[in-house]
2 protein chains.
Amino acid sequence: MANITLKQLRYFEALAGQGHFGRAAELCSVSQPALSMQIKELEGQLGMALFERGARQVRLTAFGEDFGRHARGVLRGAQELEEMARKAREEFSGRLRLGVIPTIAPYLLPRVFKALAARYPRLDIQVRETLTSKLLTELDEGRLDAAILALPVSEPSFEEVPLFEESFVLVRPEGEAALPVPSAESLSQMRLLLLEEGHCFRDQALSVCSIPQVRPRDGFDASSLSTLVQMVGAGMGVTLIPEMAVPVETRSASVAVARFAAPEPARSVGMIWRKTSPLIEQLRDVADLVRDAAGRA
Amino acid sequence: MANITLKQLRYFEALAGQGHFGRAAELCSVSQPALSMQIKELEGQLGMALFERGARQVRLTAFGEDFGRHARGVLRGAQELEEMARKAREEFSGRLRLGVIPTIAPYLLPRVFKALAARYPRLDIQVRETLTSKLLTELDEGRLDAAILALPVSEPSFEEVPLFEESFVLVRPEGEAALPVPSAESLSQMRLLLLEEGHCFRDQALSVCSIPQVRPRDGFDASSLSTLVQMVGAGMGVTLIPEMAVPVETRSASVAVARFAAPEPARSVGMIWRKTSPLIEQLRDVADLVRDAAGRA
DNA sequence: TATTTGCCATAATTAAAAATTATCAAAGCG
DNA sequence: CGCTTTGATAATTTTTAATTATGGCAAATA
């Protein structure tokens with residue numbers, strides 16, 4: 001046995017409203033027999049008469065009235081589906097799950113949030129802050145829509161766009177502020193404080209200093225840039241931090257910040273998403289917006 | 001542009017649940033391309049992607065999730081329509097609008113109500129008590145489903161079934177109880193009290209007495225059998241009432257009731273409905289039930 | 001009462017939609 | 001690499017729904 005269709009319900013509603021097959025058919029822009037047949041088919045499927053066809057007029061049966069009340073709700077629901085789509089189409093709305101690595105999130109997000117909220121008022125932005133490896137897994141599994149991290153990622157299934165270059169700056173104890181700025185390479189000779197393993201920034205810092213690899217030293221590896229700066233302030237050594245973290249992290253610490261001589265060491269920050277993502281258009285737009293927000297710093 | 005169909009929603013729901021075109025198609029008992037095409041069509045109509053087709057799995061988009069939540073409601077609504085029909089089919093339920101003339105209603109209905117409620121527990125019985133002419137109009141206009149009144153009606157658009165014969169009895173002042181029962185015809189010589197114009201029972205009484213027509217006499221025509229009996233009790237004259245009214249109307253009045261000699265004057269009470277009514281089957285059943293209830297008096 | 005008219009049902013046919021089978025291309029996997 | 005899985009596409013067939021034409025019934029008209 002076949003199933004009820006929305007078309008039948010639309011015809012039904014027209015006929016219930018008009019009480020006249022011909023006019024109802026015209027209202028639906030179909031011929032009268034088309035409507036007659038669909039109504040007949042519907043009644044057949046239900047096993048119940050919906051209309052009483054009198055000589056002078058077509059009337060709803062008691063069951064037809066009940067049916068009509070309920071059918072109206074179904075039709076309205078179907079129409080709302082289309083309206084949902086229309087609304088969603090004309091504006092990027094819904095949910096955006098964005099992953100950001102910890103050495104970027106606290107410094108970039110405040111600006112990005114503001115810009116995103118202004119551009120897409122109806123967008124629900126969910127942020128996940130974690131290490132690159134986890135971001136990649138979650139992105140791949142569809143639990144994130146995009147991620148902001150250090151490029152390159154070089155996953156063929158991801159599209160990546162660069163956002164900005166971020167220089168690394170030297171953070172030394174306040175007392176050393178007057179000393180000449182050492183070259184990045186010469187940092188390997190100093191007590192260089194690093195983030196824990198897993199942070200890409202740890203590897204980037206080591207790479208800048210041309211140090212191939214270092215065994216993690218318990219108690220010496222910090223879990224955040226903030227801790228790192230505090231450790232420098234306590235005289236435990238020197239460190240590198242990304243430029244963007246400077247205003248926030250060095251404000252209340254007794255440390256001196258120094259830029260390296262050109263060419264400054266730096267990393268590329270970018271945004272990635274699945275090549276298959278249906279949000280690609282919007283994500284490109286979001287990337288532009290993030291780039292703007294970061295540049296206007 | 002075409003419209004969303006319930007079939008598309010069913011396919012959508014299957015795919016959302018399975019995350020796999022092949023399995024979803026199997027669940028719907030169709031081929032995989034059939035389902036693929038319908039999903040594609042649906043996405044095209046919405047102008048929005050519902051699924052992200054990754055290499056390893058098919059995932060709902062954020063919009064797809066919203067859509068799914070709403071779509072589920074629409075599908076459930078459609079299914080409820082079928083359930084409504086199934087329920088209504090297996091039992092006479094809904095609403096029965098029954099018209100009854102005033103000279104029958106008060107005496108017959110108590111019994112009929114009980115019988116109907118026992119037989120059709122889910123039936124909502126609405127009674128309209130008014131004169132025959134109004135009943136006929138309202139029945140014709142579809143504002144009533146059936147009517148109980150005195151036959152014959154002889155409208156070709158109505159089907160009529162007899163229910164029972166109802167004798168007329170003589171009501172006299174208590175003091176006249178010992179007198180011989182006059183013949184019906186001889187009542188024309190007495191002070192015969194009648195109902196107001198419009199009551200069929202007025203005409204039936206006159207007909208029984210072989211009185212062709214009488215001008216209404218203000219203040220002498222009663223608006224109900226109850227009043228009529230009270231007037232007899234007050235010594236204003238004699239009257240006829242239908243047998244069925246005797247127990248109720250003569251209980252507390254100082255009147256004497258006498259049956260006429262055979263052949264007793266009587267009227268035929270029956271039930272009518274539109275020949276086009278979709279309730280015909282059930283109405284025949286109701287008529288049987290009313291006949292039973294009346295006979296068991 | 002005969003006639004005409006309005007209105008819905010039915011039939012025959014055509015048009016459109018949706019299904020099927022077969023095949024392809026991309027991506028994961030041993 | 002081949003091999004498998006999986007979804008998209010193409011060609012075709014089947015099914016469904018539409019159209020036009022026609023018929024029949026009952027009410028309104030003359």
Side-chain angles (χ1 to χ4, degrees), chain A residues 1-12 14-16 18-45 49-61 64 140-142 155-159 274-278, chain B residues 1-12 14-16 18-45 49-60 64 137 140-142 155-159 274-278:
Chain A
M1 165 185 150
N3 257 317
I4 292 182
T5 68
L6 287 177
K7 190 183 329 195
Q8 288 171 342
L9 296 187
R10 293 195 191 95
Y11 289 1
F12 166 86
L15 182 54
Q18 297 297 118
H20 188 289
F21 280 77
R23 279 192 290 277
E26 193 179 10
L27 208 71
C28 298
S29 308
V30 293
S31 65
Q32 170 263 312
L35 190 133
S36 277
M37 287 189 300
Q38 287 300 323
I39 295 291
K40 188 179 155 192
E41 174 73 15
L42 178 59
E43 288 180 321
Q45 286 162 350
L50 293 167
F51 296 95
E52 175 179 347
R53 294 139 171 87
R56 54 188 66 220
Q57 59 180 328
V58 177
R59 272 190 298 269
L60 277 173
T61 63
D140 186 55
E141 289 171 351
E155 275 282 340
S157 63
F158 294 156
E159 177 169 326
R274 290 183 302 281
K275 280 179 179 166
T276 58
S277 173
Chain B
M1 164 185 152
N3 257 316
I4 291 182
T5 69
L6 287 177
K7 191 185 323 196
Q8 288 170 341
L9 296 187
R10 291 194 193 97
Y11 289 1
F12 166 87
L15 182 54
Q18 296 297 118
H20 188 289
F21 280 77
R23 278 192 290 278
E26 193 178 10
L27 207 73
C28 298
S29 309
V30 293
S31 65
Q32 170 263 313
L35 190 132
S36 278
M37 289 190 299
Q38 286 300 322
I39 295 292
K40 189 178 155 192
E41 173 73 14
L42 177 59
E43 289 180 322
Q45 286 162 350
L50 293 167
F51 296 95
E52 176 179 345
R53 294 139 171 87
R56 55 189 66 218
Q57 59 178 329
V58 177
R59 272 191 298 268
L60 277 174
T137 306
D140 186 55
E141 288 172 352
E155 275 283 339
S157 63
F158 295 155
E159 178 169 325
R274 290 184 301 282
K275 280 180 179 164
T276 58
S277 173

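Per chain, numbering begins at 1; letters A, B, ... match sequence-line order. Worth saying up front: this structure is predicted, and the values here are computed from it rather than measured. Computed from heavy atoms alone, side chains included, the values below leave out hydrogens, waters and symmetry copies.
Look at B/Arg53 and you'll find a side-chain N or O under 4.0 angstrom from OP1 or OP2 of D/dA8. At the phosphate of D/dT16, neither OP1 nor OP2 sits under 4.0 Å from any side-chain N or O atom of A/Lys7.
With sequence neighbours excluded, the residues satisfying side chain to side chain donor-acceptor pair (under 3.5 Å) with B/Gln38 are B/Gln8. For A/Phe158, there are no ring pair (Phe, Tyr, Trp, His ring centres under 6.0 Å) partners, not counting sequence neighbours. Looking at residues two or more places apart in sequence or on another chain, you find a side chain to side chain donor-acceptor pair (under 3.5 Å) between A/Glu41 and A/Gln45. In this structure, B/Thr5 has no side chain to side chain donor-acceptor pair (under 3.5 Å) partners at least two apart in sequence or on a different chain. Contacts of B/Leu6 classified as side-chain contact (heavy atoms from CB on, under 4.5 Å), with partners at least two apart in sequence or in another chain: A/Leu6, B/Leu9, B/Arg10, B/Val74, B/Leu75, B/Ala78. Remark: B/Thr276 engages A/Glu52 in a side chain to side chain donor-acceptor pair (under 3.5 Å) (not counting sequence neighbours). Remark: B/Gln57 pairs with B/Arg59 by the side-chain contact (heavy atoms from CB on, under 4.5 Å) rule, at least two apart or across chains. In this view, A/Arg53 and A/Phe21, A/Ile39, A/Glu43, A/Phe51 satisfy the side-chain contact (heavy atoms from CB on, under 4.5 Å) rule, not counting sequence neighbours.
Running 5' to 3' along DNA chain C, contacts with non-hydrogen atoms of chain A at under 4.0 Å begin and end at C/dC7 to C/dT10.
Residue A/Phe21 contributes atom CZ, which lies 16 Å from atom P of D/dA26 at whole-angstrom precision. We find that CG of B/Asn3 is positioned 12 Å from P of D/dA18, with the value rounded to whole Å. The interatomic distance linking A/Gln45 (CD) with D/dT16 (P) rounds to 11 Å, in whole Å. Counting to the nearest Å, the C1' atom of D/dT4 and the NE2 atom of B/His20 are 12 Å from each other. Distance B/Ile39 CD1 to D/dA8 P: 10 Å, rounded to the nearest Å. A straight line from CG of A/Leu42 to P of D/dT16 spans 16 Å, rounded to a whole angstrom. Atom CD of B/Gln38 and atom P of D/dT16 are 14 Å apart (whole Å). The interatomic distance linking B/Asp140 (CG) with D/dA27 (C1') rounds to 12 Å, in whole Å.
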From CA spacing to verdict: side chain to side chain contact (heavy atoms under 4.5 Å, CB included), A/Tyr11, A/Leu42:
CA-CA 10 Å; A/Tyr11 289 1; A/Leu42 178 59; over 6 Å; no

Distances for protein N or O near nucleotides 28-30 of chain D N or O, under 3.5 Å:
none

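For NZ of B/Lys275, the number of neighbouring non-hydrogen atoms (other residues, nucleotides, ligands) closer than 6.0 Å is greater than 12.
Summarising the geometry, atom CD belonging to A/Glu155 is positioned 12.5 Å from atom CZ belonging to A/Arg274; distances are rounded to the nearest 0.5 Å. With rounding to the nearest 0.5 Å, the separation of CZ in A/Arg23 from CD in A/Gln32 is 12.5 Å.
The two residues A/Ala49 and B/Pro278 come nearest to each other via the heavy atoms CB-CB, 3.8 Å. Counting all heavy atoms, side chain and backbone alike, A/Leu35 lies closest to A/Cys28 at CD1-SG, 4.1 Å.
Annotation: the terminal axes of the helix from C/dT1-D/dA30 to C/dG30-D/dC1 meet at 20°, where each axis is the rotation carrying the C1' atoms of four end pairs onto the next four (5 pairs per end, rounded to 10°).
Of the residues in residues 28-36 of chain B, those with a non-hydrogen atom less than 4.0 angstrom from any atom of DNA chain D are B/Gln32, B/Pro33, B/Ser36.
Between B/Thr5 and A/Ser157, the residue anchored closer to the 5' end of DNA chain C is B/Thr5, taking for each the nucleotide with the nearest heavy atom.
A/Tyr11 comes within 4.0 angstrom of sugar-phosphate atoms only, judged by non-hydrogen atoms across all strands, and of no base.
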